[in-house]
Protein chains: 2
Amino acid sequence: MGSSRRRGPELEQAILRAAVEELTESGYAGLTMDGVAARAGTNKNAIYRRWPSRATLALAAYRELIGADRDPPDTGTLRGDVMELLRGANNHLAAPAVSGIVLGLLAAAADDPDLMAQLRDSIIDAGSGLWLTVLGRAVTRGEIPEKALKPRVATVAIALLRNEYVTRGTSSVPDAVLTEIIDDVYLPLLRSPR
Amino acid sequence: MGSSRRRGPELEQAILRAAVEELTESGYAGLTMDGVAARAGTNKNAIYRRWPSRATLALAAYRELIGADRDPPDTGTLRGDVMELLRGANNHLAAPAVSGIVLGLLAAAADDPDLMAQLRDSIIDAGSGLWLTVLGRAVTRGEIPEKALKPRVATVAIALLRNEYVTRGTSSVPDAVLTEIIDDVYLPLLRSPR
DNA sequence: GCTCTTAAGGTACTCCACGTACCCTATATC
DNA sequence: GATATAGGGTACGTGGAGTACCTTAAGAGC
């Protein structure tokens with residue numbers, strides 16, 4: 001009658017899965033160690049043996065949640081590719097409560113430089129490579145000048161989307177805002193001669 | 001022997017001052033009701049009679065902290081004005097720990113639409129009028145086309161600065177980044193014909 | 001199969017901070 | 001002066017982070 005006590009990686013995955021569920025259901029503020037332990041069918045000891053604090057567990061769960069990154073789109077036109085990328089990012093941020101989770105993590109990591117660094121490296125910068133490949137193709141097609149490949153310029157669209165989530169705090173930015181970002185800001189900027 | 005019990009506005013100001021001090025010294029996470037009460041020389045009752053929760057008190061304290069808004073600069077050139085505005089915003093956000101405070105407030109307001117609305121109205125949008133007046137003058141001088149007056153376009157610079165604080169999490173963005181934002185993104189965008 | 005080390009389970013605890021309840025006391029107003 | 005109002009003091013209840021300690025199962029070596 002399998003009492004079957006889980007150990008090692010198996011238990012670790014169970015904890016992470018439980019943490020992901022708590023996170024998506026209740027956000028960062030609602031993720032509690034007791035809650036995760038109960039949901040995973042274990043106790044807090046097993047968690048603290050692996051992650052030193054609630055914040056680090058939440059970060060690990062968030063990385064689990066966002067999962068693998070996707071391939072860069074290739075619609076043939078710059079505008080199409082950019083729209084794809086921005087829609088993808090929007091869908092991701094809109095998900096259950098991802099923007100709230102990220103805000104909570106950012107606030108929690110504010111006074112922990114180590115945690116903040118991990119958060120930046122593995123989350124904020126995620127996908128910046130996608131933008132550069134898409135823009136690179138547009139450069140070879142001659143759609144935009146080469147100077148558009150500067151990181152500061154290339155990341156403007158995603159920065160504006162992120163800003164929208166931070167300041168409006170809504171779930172899911174409407175498509176009209178995305179096209180506004182693209183047509184009123186991003187594309188004019190990329191095409192500007194200098 | 002003047003026991004002299006404070007009442008009404010006098011006490012209210014004392015509480016707010018104490019909250020501002022706690023906020024600047026320890027950030028949002030470090031602002032505790034007991035701490036504020038002790039520092040103000042009063043007790044929690046007096047606070048809860050005025051603000052229903054820690055988050056609302058912190059928001060009020062933050063508004064007190066940022067104080068009155070300034071006049072729009074008028075250096076004669078668009079670039080000069082924009083640089084002034086961005087430097088001002090940077091100095092403000094860099095202050096003791098303002099970006100951390102704002103992050104904490106945002107995270108706390110994430111599941112309270114009312115609070116989020118107040119936060120937006122009185123903090124995030126603060127100073128957007130400044131940008132529009134500065135751009136308006138540049139339009140009448142003929143430096144940029146009139147279409148630059150769209151809010152989405154006008155607020156790009158400050159949005160990018162905010163993004164810098166959110167993603168880098170540092171205190172004080174270096175001046176080089178400000179000029180990069182202005183010369184590589186904002187001015188080219190404003191001057192782009194369409 | 002037996003022993004021994006390691007890790008999980010269980011539980012209870014400390015600490016801290018939010019928010020509330022009650023009762024006492026000073027202050028302003030009528 | 002009487003009385004309503006608001007501040008002071010204090011003690012709770014609640015909930016969650018993190019810790020301590022002991023018991024018990026799982027696997028490794030022999």
Side-chain angles (χ1 to χ4, degrees), chain A residues 1-19 21-23 25-61 101 104-105 107-112 114-115, chain B residues 1-19 21-23 25-61 101 104-105 107-112 114-115:
Chain A
M1 209 50 160
S3 56
S4 169
R5 183 182 279 186
R6 295 163 302 180
R7 291 173 81 85
E10 186 189 358
L11 181 57
E12 185 154 333
Q13 281 308 308
I15 295 173
L16 266 184
R17 248 179 290 125
E21 289 173 26
E22 292 261 312
L23 207 51
E25 286 176 20
S26 324
Y28 177 73
L31 179 144
T32 72
M33 300 304 257
D34 294 279
V36 172
R39 193 187 285 255
T42 181
N43 59 0
K44 287 194 289 183
N45 286 338
I47 304 178
Y48 279 105
R49 227 172 266 129
R50 295 173 166 78
W51 295 275
S53 72
R54 168 167 166 266
T56 51
L57 170 63
L59 174 55
I101 293 172
L105 281 172
D111 50 354
D112 182 335
D114 194 49
L115 202 62
Chain B
M1 206 54 166
S3 53
S4 169
R5 183 181 279 185
R6 294 163 302 181
R7 289 175 83 84
E10 186 188 358
L11 180 57
E12 186 155 333
Q13 281 307 307
I15 295 173
L16 266 184
R17 248 179 290 124
E21 289 173 26
E22 292 261 312
L23 206 52
E25 286 176 19
S26 324
Y28 177 73
L31 179 143
T32 73
M33 301 305 255
D34 295 279
V36 172
R39 193 186 285 254
T42 181
N43 60 0
K44 287 193 287 182
N45 286 337
I47 304 179
Y48 278 104
R49 227 171 265 129
R50 294 173 166 79
W51 295 276
S53 73
R54 168 166 166 266
T56 52
L57 170 64
L59 174 55
I101 293 171
L105 281 172
D111 50 354
D112 183 336
D114 193 51
L115 202 63

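Contact between A14(A) and R6(A) at its shortest, heavy atoms only, is CB-NH1, 3.5 Å. Here the shortest heavy-atom pairing between Y48(A) and S53(A) reads CE2-CA, 4.4 Å. Scanning all heavy atoms of the two residues, the minimum distance from I15(A) to W51(A) falls at CG2-CZ3, 3.6 Å. For the pair E22(B) and L31(B), the tightest heavy-atom approach, listed with the atom from each and the gap, is OE1-CA, 4.2 Å.
G41(A) comes within 4.0 angstrom of the backbone, heavy atoms only, and of no base. Counting any heavy atom pair closer than 4.0 Å across all strands shown, G8(B) reaches sugar-phosphate atoms only and no base atom. Counting non-hydrogen atoms under 4.0 angstrom, L31(A) reaches the backbone sugars and phosphates but no base. Within the nucleic acid shown, I15(B) has no heavy atom closer than 4.0 Å to any nucleic acid atom.
Dashed line: the shortest gap from a side-chain N or O of R50(B) to OP1 or OP2 of dG7(D) is under 4.0 Å. Residue R49(B) places none of its side-chain N or O atoms closer than 4.0 Å to OP1 or OP2 of dA6(D). Residue R5(A) has no polar side-chain atom (N or O) positioned under 4.0 Å from OP1 or OP2 of dA26(D).
In this structure, the NZ atom of K44(A) is 11 Å from the C1' atom of dT11(C), given to the nearest Å. In this structure, OH of Y48(A) is placed 18 Å from P of dA12(C), rounded to the nearest angstrom. Taking atom CH2 of W51(A) as the reference point, atom C1' of dG18(D) lies 16 Å away to the nearest angstrom. Atom CD of E22(A) is separated from atom C1' of dG16(D) by 12 Å (rounded to the nearest Å). Summarising the geometry, the separation between CG on N43(B) and P on dC18(C) is reported as 14 Å, rounded to the nearest angstrom. To the nearest angstrom, P of dT11(C) lies 19 Å from CE of M33(A). At whole-Å resolution of the value, CD in E10(A) and P in dG9(C) are 10 Å apart. As a whole-Å value, the separation of D34(A) CG from dC13(C) P is 15 Å.
Listed nucleotides: dC18(C), dG18(D), dA17(D). Nearest to the side chain of S53(A): dG18(D). Picking from dC18(C), dA8(C), dA17(D) the nucleotide with the shortest atom distance to the side chain of L11(A) gives dA8(C).
One N or O on the side chain of R54(B) and one on the backbone of Y28(B) form a donor-acceptor pair closer than 3.5 Å.
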